[in-house]
Amino acid sequence: MTAPADRIKAKHQRLVLVVIALVALVGAGLLAAWALRSQASYFYVPEQFVSEPPEPGRAVRLGGMVEEGSIRTMPDGVTIAFVVGDGKARVPVRFSGILPDLFVEGSGVVAEGRLGGDGTFVADSLLAKHDENYVPRELQEMTEHQRRDLVAEAEDGA
């Protein structure tokens, strides 16, 4: 026969295990949140970027339209400078690397990078966005009716 002290001891052990599990779970959650916070990139539009600039060196994303006539290639041949705007503010951007195919003046762009000490956004990568009227080159010469027929044929064949 078990003594009442043994039953209390078993309940006490289970309680200790539950508390340890909860502490470990909370600790893991806090560690994950801290790691994600340091890796997260906040998204800014030019108006927000100019009115409330991020601290220099912090990873952020800047999204807007590449202004007409603003793309300049630097003497090194690899670095380009351009201006991203949203109609309310303008942000100068500098990028070194290979440009996306859809990157042109007047198109949408999301630049990932950091604010430089001189107020220029230094981009590590560029994501060019196409508009909602995008049509692949192969379909540009077709009429709307021909496109629908082609899509219907592809769906029937699938």
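These figures come from a predicted structure and were not determined experimentally.
Between atom CD1 of residue I20 and atom CG of residue L15 there is a gap of 10.0 Å, rounded to the nearest 0.5 Å. Note: K9 NZ to R14 CZ = 13.5 Å, rounded to the nearest 0.5 Å. Within the model, atoms CG of D101 and CD1 of I98 stand 10.5 Å from one another, a figure rounded to the nearest 0.5 Å.
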Exercise for the section: With side chain to side chain contact (heavy atoms under 4.5 Å, CB included) as the test, would you mind laying out the steps for L115 and F49 before giving the verdict? Expected result: CA-CA 10 Å; L115 176 60; F49 195 87; 3.8 Å; yes

Practice task
Would you check, one step at a time, whether the test side chain to side chain contact (heavy atoms under 4.5 Å, CB included) holds for F121 with V60?
Solution key: CA-CA 10 Å; F121 186 81; V60 296; 3.5 Å; yes

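In this structure, the side chain of D86 engages the main chain of E47 through a donor-acceptor pair within 3.5 Å. With hydrogens and angles ignored, the 3.5 Å screen pairs no side-chain donor or acceptor of R61 with any backbone N or O of F43.
Between Y42 and P54, every side-chain heavy-atom pair lies at or beyond the 4.5 Å cut-off. The closest side-chain heavy-atom distance from Y44 to V91 is not below 4.5 Å. T73 has its side chain out of reach of T79: every pair of non-hydrogen atoms, C-beta onward, lies at least 4.5 Å apart. When side chains are defined from C-beta on, E112 counts as touching L127, because their heavy atoms get closer than 4.5 Å. Side-chain contact between I80 and F103: present, with at least one pair of heavy atoms (C-beta onward) separated by less than 4.5 Å. Using a 4.5 Å heavy-atom threshold, the side chains of V83 and V66 count as separate.
Following chains of ILVMFWY side-chain contacts shorter than 4.5 Å, one can reach L99 starting from I71, so the two form part of one hydrophobic cluster. Under a hydrophobic clustering in which Ile, Leu, Val, Met, Phe, Trp and Tyr are joined whenever their side-chain heavy atoms come within less than 4.5 Å, directly or via other members, L62 and L126 fall into the same cluster.
Taking a 4.5 Å side-chain heavy-atom cut-off between Ile, Leu, Val, Met, Phe, Trp and Tyr, the cluster of V26 extends to L30. Hydrophobic cluster membership of V18, counting Ile, Leu, Val, Met, Phe, Trp and Tyr whose side-chain heavy atoms lie under 4.5 Å apart directly or via other members: L22.
Taking both residues in full, the closest heavy atoms of G63 and P46 are given as O-CD, 3.1 Å, listed atom of the first, atom of the second, then distance. Taking every heavy atom of both residues into account, G106 and E68 meet most closely at CA-OE2, 3.4 Å.
Taking the six-membered ring where the residue is Trp, the centroids of F82 and F95 are separated by 6.0 Å or more.
The local environment of CZ in R90 is sparse, with at most 12 non-hydrogen atoms from other residues, nucleotides or ligands closer than 6.0 Å.
In this structure, the side chain to side chain contact (heavy atoms under 4.5 Å, CB included) partners of T120, at least two apart in sequence or on a different chain, are P92, R94, D118.
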